[in-house]
Amino acid sequence: MLNAMPKIELIVNGRKSETRAQTLAGLLDEQELSDARVATALNGHFVPAAKRATTNIQAGDSVEIVSARQGG
């Protein structure tokens, strides 16, 4: 059964978003950012890349996904 997981609502980079992902890594994959070099935070706490697959997300969570920019 495809998409058997119910959607949850959370905030991604300040905007309401819906996802079926259960982990931070799953959310990045869903957003097509799994191969991108980004920094992530969940509810204001930095989450290193090595911990994203085991970091669960829940309805109401706030996620920040930030990519490094060069220049100045």
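If you're wondering where the values come from, they're calculated on a predicted model, not measured in any experiment.
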Open item on the list: If you compare all heavy atoms of A21 against all heavy atoms of G26, which two are closest, and at what distance to 0.1 Å?
Closed with: CB-C, 3.5 Å

Open item on the list: Just to verify, what does S34 make a side chain to side chain contact (heavy atoms under 4.5 Å, CB included) with, not counting sequence neighbours?
Closed with: D29

- [ ] Tell me, please, which residues at least two apart from T19 pass side-chain hydrogen bond (donor to acceptor under 3.5 Å, both in side chains).
- [x] E30

TODO: Any pair with a residue in residues 36-50 that passes side chain to side chain donor-acceptor pair (under 3.5 Å), sequence neighbours left out, goes on the list, sorted by first then second residue, please.
DONE: T40-R52, N43-D61

Task: salt bridge (Lys or Arg N to Asp or Glu O under 4.0 Å) pairs, two or more places apart, involving residues 5-14 - done: K7-E18

- [ ] Under 4.5 Å between side-chain heavy atoms, chaining through other members, with only Ile, Leu, Val, Met, Phe, Trp and Tyr counted: pull out the rest of the cluster around L28, sorted by chain and number.
- [x] I8, L10, V12, L24, L27, L33, V38, L42, V47, I57, V63, I65

Open item on the list: Give me the atom names and distance for the closest heavy-atom approach of E64 to G14.
Closed with: OE2-N, 3.9 Å

